[in-house]
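Here is the structure we will look at.
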Amino acid sequence: MSLLLTDPKLRLKTSSWTAAALLAAGAWLFPCAAGAGERLYSNDFEKSEIGKLPPDFTVLDGAFAVQTEGGNKFIELPGAPLDSFGLLFGPSLAGDADVTVRCFGTKTGRKYPTFGVSLNGAGGYRLQVSPAKKALEIYKGDEPKVSVPFNWESGSWTKLRLRVKKSGPGMIAEGKAWQDGTPEPSDWAVKFTDTESAPGGKAGIWGSPFSGTPIRFDDLGIEKDS
């Protein structure tokens with residue numbers, strides 16, 4: 001042990017081994033980092049003031065506010081009134097971007113919430129979980145475009161990921177959703193090919209608390225699609 005501490009060459013070699021081990025551990029712990037695009041925005045709300053919103057958020061409608069439970073902070077949309085609400089965040093983008101979010105909601109009897117995430121502004125592309133339909137959908141503005149079956153679990157966190165990229169004169173929007181704590185699916189679950197382009201705009205989160213219970217959003221992230 002004393003030789004390792006006193007020999008400069010061995011100290012350098014030991015440091016190299018340590019760095020390699022740390023890099024290997026990082027690659028194992030954070031596999032999504034490999035090949036990921038440029039990170040443009042992230043927010044887990046841990047530094048945000050409870051009862052308010054970060055100053056860069058633009059509320060279109062709804063009493064969104066940062067709340068906390070069990071030591072975790074998140075944005076919460078109250079369970080009333082029963083309507084559809086949304087807010088915008090992050091930089092304005094025209095496409096070739098990827099947005100992620102974690103969402104939480106609960107059902108009440110046969111009443112279900114809906115929630116989603118979007119890119120390209122309020123009239124852009126939205127990936128929405130619609131539990132009453134047992135569906136994962138892509139909207140353009142308020143118009144549903146594509147739907148695939150999806151089984152949502154009440155009272156658990158669900159991760160959503162939406163990617164929008166330019167394709168000739170139009171756009172392609174792809175989405176996936178999966179239960180938090182399970183591996184991200186390798187394939188996109190739903191895809192919409194738009195022959196027309198969409199105007200640029202900010203990302204957004206959306207919720208309709210039709211079950212009468214709050215909807216929560218956490219871990220927002222935006223990347224430039226590589």
What heavy-atom pair brings L77 and G207 nearest, and what distance separates the two atoms?
CD2-O, 3.6 Å
Ion pair check, E69 and R216, cut-off under 4.0 Å
yes
In terms of hydrophobic clusters joined by side-chain contacts under 4.5 Å, are W206 and W157 together?
no
Quick one, Q179 and E153 - any side-chain contact, counting heavy atoms below 4.5 Å?
yes
So how far is it from I75 CD1 to K52 NZ, rounded to the nearest 0.5 Å?
15.0 Å
With a 4.5 Å cut-off on side-chain heavy atoms, are T100 and D219 touching?
no
Do R102 and T158 have side chains that get closer than 4.5 Å, going by heavy atoms?
no
Can you check whether Y112 and F210 have ring centres sitting under 6.0 Å from each other?
no
To the nearest 0.5 Å, how far apart are CD in E174 and CG in L127?
11.0 Å
Between CD on residue Q67 and CZ on residue F74, distance to nearest 0.5 Å:
7.0 Å
When rounded to the nearest 0.5 angstrom, what is the spacing between OG in S118 and NZ in K140?
13.5 Å
Residue K145 excluded, over 12 heavy atoms near NZ under 6.0 Å
yes
If every non-hydrogen atom of P209 is compared with every non-hydrogen atom of L82, which pair is closest and at what distance?
O-CD2, 2.9 Å
Connected via hydrophobic side-chain network under 4.5 Å: L60 and F115
no
Mind running ring pair (Phe, Tyr, Trp, His ring centres under 6.0 Å) on F64 and F85 for me, showing each step along the way?
CA-CA 9 Å; F64 293 91; F85 306 99; 7.1 Å; no
For residues V146 and V129: do they belong to one hydrophobic cluster (side chain heavy atoms under 4.5 Å, members Ile, Leu, Val, Met, Phe, Trp, Tyr)?
yes
Side chains of P214 and E76: does their closest heavy-atom pair fall under 4.5 Å?
yes
Test T106 against T213 for side-chain hydrogen bond (donor to acceptor under 3.5 Å, both in side chains), laying out the working first.
CA-CA 7 Å; T106 55; T213 55; 2.8 Å; yes
Decide side chain to side chain contact (heavy atoms under 4.5 Å, CB included) for F89 and V59; before the verdict, give the C-alpha distance in whole Å, the side-chain angles of both, and the deciding distance to 0.1 Å.
CA-CA 9 Å; F89 65 93; V59 176; over 6 Å; no
Can you tell me how far apart CG (D218) and CG (N43) are? Round to the nearest 0.5 Å.
8.5 Å
CG of L40 to CG of L93: how many Å apart, nearest 0.5 Å?
6.0 Å
Within-4.5 Å side-chain heavy-atom neighbours: I205 and L220
yes
Mind checking whether W188 and V117 sit in one hydrophobic cluster, side chains of I, L, V, M, F, W, Y counted as touching below 4.5 Å?
no
Do any N or O atoms from the side chain of T68 and from the backbone of N72 form a donor-acceptor pair under 3.5 angstrom?
yes
May I ask you to decide if G170's main-chain N or O and S197's side chain share a donor-acceptor pair within less than 3.5 Å?
no
Give the minimum heavy-atom separation between G175 and I138, together with the two atoms involved.
N-CD1, 4.2 Å
Side chain to side chain contact (heavy atoms under 4.5 Å, CB included), that's the test. Do M171 and K166 meet it? Break it down for me.
CA-CA 4 Å; M171 313 283 278; K166 298 174 184 176; 4.0 Å; yes
Quick one: does any side-chain atom of N120 pair with a main-chain N or O of A94 as donor and acceptor, under 3.5 Å?
yes
Tell me whether the rings of F45 and F57 are parallel (<30°), tilted (30 to 60°) or perpendicular (>60°).
perpendicular
K176 and E184 ion-paired at < 4.0 Å
yes
Taking every non-hydrogen atom, the tightest pair across K191 and I172:
CE-CG2, 3.7 Å
D44 vs K73, test: salt bridge (Lys or Arg N to Asp or Glu O under 4.0 Å). Steps then yes/no.
CA-CA 7 Å; D44 62 5; K73 289 183 179 180; over 6 Å; no
Backbone N or O of P54 within a donor-acceptor pair of the S48 side chain at under 3.5 Å?
no
Can any side-chain N or O of S208 pair as donor or acceptor with the backbone N or O of P113 at less than 3.5 Å?
no
Exam field: side chain S211 to backbone T108, donor-acceptor pair closer than 3.5 Å:
no
Within a strict 4.5 Å, meaning less than it, do heavy atoms of the L160 and C103 side chains meet?
yes
Could you pull out the closest heavy-atom pair between G90 and I222, with the gap in Å?
CA-CD1, 4.2 Å
Considering only NZ, NE, NH1 and NH2 on the basic side and carboxylate oxygens on the acidic side, decide whether D96 and R163 come within less than 4.0 Å.
no
Within-4.5 Å side-chain heavy-atom neighbours: F150 and E137
no
Note: D56 and K202 closest approach over all heavy atoms is O-NZ, 4.1 Å
Judged by atom type as modelled, is there a donor-acceptor pair below 3.5 Å linking the side chain of D225 to the main-chain atoms of V164?
no
Does one hydrophobic cluster hold both L87 and F104, with members joined at side-chain heavy-atom distances below 4.5 Å?
no
